[in-house]
Undergrad: 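First the structure, then my questions, so here it is.
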Amino acid sequence: MKKLTKSILAMLMMACMLFGLTACGGGTSGETPTPTQGAVDPGTENPEATPVPTEPAEPKEIVTIKYGTHWVNGLDPHYTDEVTGEYVMAADQREARYAAEAAILEELGVVFEYVQFSGNTTEVLLQSVMANDPVCDIAVIWGGAEDDVLSQNVLQKLDDFAYIFEDEEYSWMFLDKLYGNHYFLTDVVRFIPRWPLVYNVDLIEDAGLENPSITFQNGNWTWSTFKKLLAELDAYYANEANISAYLTDHRFAELSAMYSAGGAIYGVDGLSVTSDASKKAMAYIKELIDAGLMTEDNVEMGTDFDPSWTVNCDLFRTGKSCFTDHADWLIGWSGGTLAAGSEVLGVPQSMGIVPWPRPDEMAFDSEEYRQVMTLGDSVAVLKGVDKETTELALKAYALYTKTYYTALAGVDTMAEYKESRMAEEAFTNFGLDIEHEEYGEAILECFRYLSNAVVDGSDYADMLGFRADFDTIAGKSLYSVDGYASYDVSIEQYLNVFSETEEEMKALLSSGKLNDTIAPVVSTIKEPVAVPMGTTMKDAIWAEYIQATDSIEGILSFDSFEPIFTSNDTSHTTSPIYDAKVTKVHSEEDLKTPGYYDRMFRAYFYDSFGNKGYKTISVIVYDLDNKEKPTVEVHSQPMFLSLGADVNNINWIGSVYNAAIKSAVDADGLDLSGNIRADLSTLDSSTQGTYDVKITVTDYVGNFTEVIVQVIVE
């Protein structure tokens with residue numbers, strides 16, 4: 001087994017810590033070059049030359065473009081911590097952004113004003129567009145919110161501005177058409193897929209097998225080669241209970257396999273879940289599972305049959321798996337941990353990376369052979385921003401983004417940026433052992449291949465809201481649970497779940513109408529919720545207890561209120577892929593008997609766009625004819641209160657010493673903890689001493705009991 005040098009170990013561990021503490025990929029630590037102004041070589045001066053006066057250039061008109069985000073700390077280089085006054089952004093990134101700001105000012109006369117969204121991105125964008133006052137000209141949309149924002153129809157189509165991004169310096173920023181039009185941009189340069197295939201170099205070498213990166217370089221990295229390698233690893237480590245050949249997460253293995261075969265969930269050609277390539281890839285994943293060569297940990301049966309989130313990464317970094325599909329934001333941590341010595345072997349180990357293998361019949365250089373890239377945050381332009389401003393904003397965005405990266409590395413082009421960063425990204429940020437004396441060069445070449453491959457073949461299922469349903473169908477078909485057939489059968493059976501959504505979205509976007517997708521927020525304004533015995537759901541004065549507020553329409557009337565008794569179905573989904581079985585827990589009969597009914601019903605409210613919000617309500621039913629006083633049990637020991645305590649926030653009921661009252665119930669045994677009132681006029685917490693305090697406990701009818709309790713302030 002090859003050992004890493006101490007210097008490499010130290011660098012990896014330091015990189016691991018830095019990677020975990022930064023919000024985005026870093027750059028070089030050197031200063032950004034500053035152009036020299038008015039420099040003259042004295043050896044070439046002509047002393048006889050007479051300077052020709054030049055006309056001063058007309059000052060450009062400065063235009064402010066608002067650049068909005070949910071996290072201004074990561075966008076605004078001028079942002080400082082409110083407490084310390086220190087800059088939040090790393091110095092090299094800050095200087096690169098200053099250079100980008102200077103470039104758009106000089107070339108376009110544009111300055112950026114960085115806008116922090118005041119609340120949830122989807123609500124802020126919708127409210128501003130509906131008010132015909134866009135909150136910003138360029139909007140950052142956090143990853144996963146794109147579906148909601150598109151559903152609101154608040155984004156401009158960017159097709160008319162495609163020419164701005166034709167140059168290869170900018171083309172990577174302009175994302176593919178979705179539902180027939182361009183809407184989104186990206187400013188993130190990716191070097192690897194979001195969940196690339198990584199491997200433990202030493203575990204494979206110890207088994208006497210060829211290194212996967214070498215196999216890829218030789219052009220032999222195919223599905224059958226991968227399967228054969230896994231079988232050999234499985235056999236070699238058969239007696240090692242803690243080491244698996246390929247312990248992973250099927251959700252990301254299946255997507256990578258689909259792209260390697262030319263398929264997709266929702267790619268550049270739209271919805272592709274039923275393509276032959278996608279079906280073939282899923283059949284291959286099924287082969288690996290059935291052969292016991294691809295395993296998962298802690299599969300949660302009965303939900304959507306998915307493994308615990310990133311548990312495969314946790315196990316890989318402790319040396320318990322030869323291969324895994326690894327979350328990219330955790331790779332640096334895993335590389336550093338392995339280099340420091342795994343839990344299993346207690347010695348340093350190396351991590352390598354390799355593209356996902358291709359189908360055997362596919363040529364290495366086939367255009368169909370792709371590596372999947374899913375996106376994080378995206379960028380868009382809101383409706384209501386006029387055409388002239390949109391054009392200028394997009395030009396500024398393109399120039400700013402390109403300048404930021406090139407200034408960060410001290411180069412002129414994006415190609416040079418990527419190449420100059422290649423080794424540092426692979427080693428420092430992602431913990432790959434490119435220094436390995438035997439395989440380091442091959443690992444770096446695989447990293448370089450991935451870096452150039454991820455710009456094509458993006459999958460937009462996460463952005464468009466298709467991913468969750470797809471993962472459920474795929475997971476249950478792979479493991480044949482809940483009556484699911486094989487993937488090729490199941491995906492055809494539930495294709496309407498995707499196709500209907502796609503058609504509805506296309507119709508909405510083509511309509512041009514704004515669409516409120518934000519559900520009302522339902523809250524209790526008075527607790528506990530208590531109604532007299534014999535009340536009906538229809539007659540109860542729920543407005544005394546419940547309120548619904550819509551982000552657009554304000555407080556909703558009770559005309560849109562619908563109470564529904566709760567059931568044992570926690571998802572309350574109507575999607576056919578979940579097959580929810582509903583059994584009622586509560587009913588109208590409960591309102592005829594005194595008692596406390598936990599989570600009795602859901603209070604649903606609908607806004608004018610049909611959005612549904614709810615809150616689960618617990619209800620106390622009391623006897624209106626009750627004439628008996630409450631029963632109050634006082635602790636035998638006095639209650640102790642700290643000197644200077646806030647007497648308005650005392651919890652009078654609870655355990656001995658910390659409270660005065662042990663229990664308080666009405667004649668039917670209903671808890672009256674929320675109906676305790678104290679006369680504070682006799683209690684002075686600023687002075688030590690013993691005080692007698694009168695406590696009044698009132699039931700829901702109005703019957704009350706008074707007791708005197710002793711409080712010691714010390």
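All figures in this text were calculated on a predicted structure; none of them were measured in a lab. We use all heavy atoms of the structure for the numbers below, so side chains are in, but hydrogens, waters and symmetry mates are not.
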Undergrad: Mind checking the CD-CD1 spacing from Glu441 to Ile434? Nearest 0.5 Å is all I need.
TA: 11.0 Å
Undergrad: Show the nearest heavy-atom pair for residues Val354 and Trp221, with the distance to one decimal.
TA: CG2-NE1, 3.5 Å
Undergrad: Return yes if some donor-acceptor pair links the side-chain N/O of Gln349 with the main-chain N/O of Leu203 below 3.5 Å, else return no.
TA: no
Undergrad: Check whether any side-chain heavy atom of Phe184 lies under 4.5 Å from a side-chain heavy atom of Thr186, and answer yes or no.
TA: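 In short, these two side chains do not touch, never coming nearer than 4.5 Å.
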Undergrad: Looking at Ile353, is its backbone amide N or carbonyl O close enough to the side chain of Ser213 to form a donor-acceptor pair, meaning the two atoms are under 3.5 Å apart?
TA: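 The answer is yes, because a donor-acceptor pair under 3.5 Å joins these two groups.
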Undergrad: For the residue pair Phe117 and His70, what are the closest heavy atoms and their distance?
TA: CD1-N, 3.5 Å
Undergrad: side-chain contact (heavy atoms from CB on, under 4.5 Å), that's the test. Do Gln116 and Asp76 meet it? Break it down for me.
TA: CA-CA 10 Å; Gln116 170 71 55; Asp76 181 2; over 6 Å; no
Undergrad: Between the main-chain N or O of Asn153 and the side-chain N or O of Lys383, is there a donor-acceptor pair closer than 3.5 Å?
TA: yes
Undergrad: Answer whether the closest heavy-atom distance between the side chains of Ile141 and Met463 falls below 4.5 Å.
TA: no
Undergrad: Is there a side-chain contact between Asp187 and Tyr397 (heavy atoms, below 4.5 Å)?
TA: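 A side-chain contact exists here, since the closest heavy-atom pair is under 4.5 Å.
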Undergrad: If you take all heavy atoms of Met373 and Ser458, which pair is closest and at what distance?
TA: CE-OG, 3.2 Å
Undergrad: Would you confirm whether Ser171, through its side chain, and Glu169, through its main-chain N or O, come within 3.5 Å as a donor-acceptor pair?
TA: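 No; zero donor-acceptor contacts below 3.5 Å.
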Undergrad: Going by the side-chain contact (heavy atoms from CB on, under 4.5 Å) test, name the single residue among Thr248, Asn312, Thr324 that passes it with Trp195.
TA: Asn312
Undergrad: Compute the ring centroids of Tyr449 and Phe216, then answer whether they are less than 6.0 Å apart.
TA: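 Yes, they do, as the ring centres are separated by less than 6.0 Å.
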Undergrad: If every non-hydrogen atom of Leu338 is compared with every non-hydrogen atom of Met351, which pair is closest and at what distance?
TA: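 Result for this residue pair: CD1-CB, 4.1 Å.
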Undergrad: Quick one: CZ on Phe252 to CG on Asp328, what's the gap to the nearest 0.5 Å?
TA: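 If I round to the nearest 0.5 Å, the distance is 10.0 Å.
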Undergrad: Can you check salt bridge (charged side-chain N to carboxylate O under 4.0 Å, His left out) on Asp249 and Arg251, steps first, answer last?
TA: CA-CA 5 Å; Asp249 185 319; Arg251 292 169 292 190; 2.6 Å; yes
Undergrad: What are the two closest heavy atoms between Thr389 and Ile65, and how far apart are they?
TA: CG2-CD1, 3.9 Å
Undergrad: Run Phe430 and Glu425 through side-chain contact (heavy atoms from CB on, under 4.5 Å) and show every step you take.
TA: CA-CA 6 Å; Phe430 296 114; Glu425 290 287 336; 3.6 Å; yes
Undergrad: Heavy-atom count around Asp81 CG within 6.0 Å, excluding the residue itself: above 12?
TA: yes
Undergrad: Got a donor-acceptor contact below 3.5 angstrom from the Asp459 side chain to the Ile265 backbone?
TA: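 Judged by distance alone, yes, a pair lies under 3.5 Å.
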Undergrad: Answer yes or no: is there a donor N or O on one side and an acceptor on the other, between the side chain of Thr403 and the main chain of Ala103, under 3.5 Å?
TA: no
Undergrad: Sort out for me which residue in Tyr98, Phe112, Tyr114 forms a ring-ring contact (aromatic ring centres under 6.0 Å, His included) with Tyr400.
TA: Phe112
Undergrad: Start with the C-alpha gap between Leu255 and Asp325, add the side-chain angles, then the distance that decides, and say whether side-chain contact (heavy atoms from CB on, under 4.5 Å) holds.
TA: CA-CA 10 Å; Leu255 186 57; Asp325 299 275; over 6 Å; no
Undergrad: Looking at Leu330 and Arg317, what are the two nearest heavy atoms and their distance?
TA: CB-NH2, 3.9 Å
Undergrad: Please evaluate residues His436 and Glu205 with respect to the criterion side-chain hydrogen bond (donor to acceptor under 3.5 Å, both in side chains), reporting the C-alpha separation (whole Å), side-chain torsions for both, the decisive distance (0.1 Å), and the verdict.
TA: CA-CA 12 Å; His436 195 285; Glu205 184 181 37; 4.7 Å; no
Undergrad: Drop me the distance from Glu107's CD to Leu399's CG, to the nearest 0.5 angstrom.
TA: 5.0 Å
Undergrad: Quick check against the 3.5 Å criterion: does Ser451 have a side-chain atom that pairs as donor or acceptor with the backbone of Phe447?
TA: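 Not at all, since once roles are kept as given, no pair shorter than 3.5 Å links the two residues.
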Undergrad: Going by ring-ring contact (aromatic ring centres under 6.0 Å, His included), Tyr266 matches just one of Tyr460, Phe470, Phe466. Which one?
TA: Phe466
Undergrad: Applying side chain to side chain donor-acceptor pair (under 3.5 Å), which residue pairs with at least one partner in residues 140-149 are found, sequence neighbours left out?
TA: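 Passing the test, one end in residues 140-149: Thr121-Trp142, Glu146-Ser378.
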Undergrad: Apply the ring-ring contact (aromatic ring centres under 6.0 Å, His included) test between His182 and each candidate in Tyr163, Phe161, Phe174; give the one that qualifies.
TA: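 Exactly one option meets the ring-ring contact (aromatic ring centres under 6.0 Å, His included) with His182, and it is Phe174.
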Undergrad: Do Asp202 and Val347 come close enough that some side-chain heavy atom pair is under 4.5 Å?
TA: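 Side-chain contact under 4.5 Å: no.
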Undergrad: So do Tyr405 and Val411 actually touch side chain to side chain, heavy atoms under 4.5 Å?
TA: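 In short, these two side chains do not touch, never coming nearer than 4.5 Å.
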Undergrad: Check whether any side-chain N or O of Tyr170 sits under 3.5 Å from a backbone N or O of Lys395 as a donor-acceptor pair, and report yes or no.
TA: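 Pair absent, no side-chain N/O of Tyr170 close to backbone of Lys395.
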Undergrad: What distance do Arg97 atom CZ and Leu408 atom CG have between them, rounded to the nearest 0.5 Å?
TA: 9.0 Å
Undergrad: Do Ile443 and Val201 have side-chain heavy atoms sitting under 4.5 Å apart?
TA: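 Yes. Closest side-chain heavy atoms under 4.5 Å.
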Undergrad: With rounding to the nearest 0.5 angstrom, report the CG to CD distance, Asn211 to Gln217.
TA: 9.0 Å
Undergrad: Do Phe316 and Leu247 have side-chain heavy atoms sitting under 4.5 Å apart?
TA: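 Phe316 does not reach Leu247 side chain to side chain.
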Undergrad: So how far is it from Arg448 CZ to Glu419 CD, rounded to the nearest 0.5 Å?
TA: 4.0 Å
Undergrad: Could you tell me if Arg94 sits above the aromatic ring of Tyr87, with its cationic atom closer than 6.0 Å to the ring centre and no more than 45 degrees from the axis?
TA: yes
Undergrad: Any heavy-atom pair between the side chains of Glu254 and Asp471 that's under 4.5 Å?
TA: yes
Undergrad: The test is side-chain contact (heavy atoms from CB on, under 4.5 Å); show your working for Met258 and Val372 and say whether it passes.
TA: CA-CA 9 Å; Met258 288 167 69; Val372 64; over 6 Å; no
Undergrad: Taking distance alone, no hydrogens or angles, what donor-acceptor pairs closer than 3.5 Å link side-chain atoms of residues 124-131 to residues at least two apart or in another chain?
TA:
| residue | atom | partner | partner atom | Å |
| --- | --- | --- | --- | --- |
| Gln127 | NE2 | Ser551 | O | 3.0 |
| Ser128 | OG | Val124 | O | 3.3 |
| Ser128 | OG | Leu125 | O | 3.0 |
| Ser128 | OG | Val135 | N | 3.2 |

Undergrad: Is the side chain of Gln371 donor-acceptor paired with the backbone N or O of Pro193 at a distance under 3.5 Å, no angle test?
TA: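 No, because the side chain of Gln371 does not come within donor-acceptor range (under 3.5 Å) of the backbone of Pro193.
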Undergrad: Are any side-chain N or O atoms of Thr401 and backbone N or O atoms of Ala398, one a donor and one an acceptor, separated by less than 3.5 Å?
TA: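 Not at all, since once roles are kept as given, no pair shorter than 3.5 Å links the two residues.
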